[in-house]
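Atom set for the values below is all heavy atoms of this structure, side chains included, hydrogens, waters and symmetry mates excluded. Remember, it's a predicted structure, so these values are computed and weren't measured experimentally.
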Amino acid sequence: MKVDLDVMKNLLSKRGDEIEKSVAGTGYLVKTVMGVGTFLLDNEGDIDLLTAKQKATFERFLLPLLEEPPR
């Protein structure tokens, strides 16, 4: 599975507030979630390169935001 890099770039650069809202109260850090997104951008969106923890972070926070249209 590959991530749409344009959508990921937009999410990280223009929709950071949505990431903050999704992370709020979970014990995760926004910079951790952003780091996973940046890692994917740096590696052409290849999810197979993520560790188990990174993949769980991606699936919990980033994937739902990538699948919904920007607000």
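Contacts classified as ring pair (Phe, Tyr, Trp, His ring centres under 6.0 Å) and involving residues 10-56 (residues at least two apart or in different chains) are given here: Tyr28-Phe61. Residue pairs meeting the ring pair (Phe, Tyr, Trp, His ring centres under 6.0 Å) criterion with at least one partner in residues 4-25, sequence neighbours excluded, are absent.
In this structure, Lys21 NZ and Arg15 CZ are separated by 11.0 Å, a value rounded to the nearest 0.5 Å. With rounding to the nearest 0.5 angstrom, the CZ atom of Phe58 is 3.5 Å from the CD1 atom of Ile47. In this structure, Asn43 CG and Asp48 CG are separated by 11.5 Å, a value rounded to the nearest 0.5 Å.
Summarising the geometry of Leu65 relative to Ser22, their closest heavy-atom pair is CD1-OG, 4.1 Å, with the distance given to 0.1 Å. The two residues Pro64 and Glu59 have their closest heavy-atom pair at CD-O, 3.4 Å.
Contact of the Leu62 side chain with the Ile19 side chain is registered, since non-hydrogen atoms from C-beta on lie closer than 4.5 Å. Proximity of Leu40 to Gln54: side-chain heavy atoms (C-beta onward) are nowhere separated by under 4.5 Å. The side-chain heavy atoms of Leu5 and Leu41, taken from C-beta on, include a pair separated by under 4.5 Å.
Between Val23 and the options Leu29, Val33, Thr57, a side-chain contact (heavy atoms from CB on, under 4.5 Å) holds for only Val33.
For Val7, the side chain to side chain contact (heavy atoms under 4.5 Å, CB included) partners at least two apart in sequence or on another chain are Asp4, Leu66.
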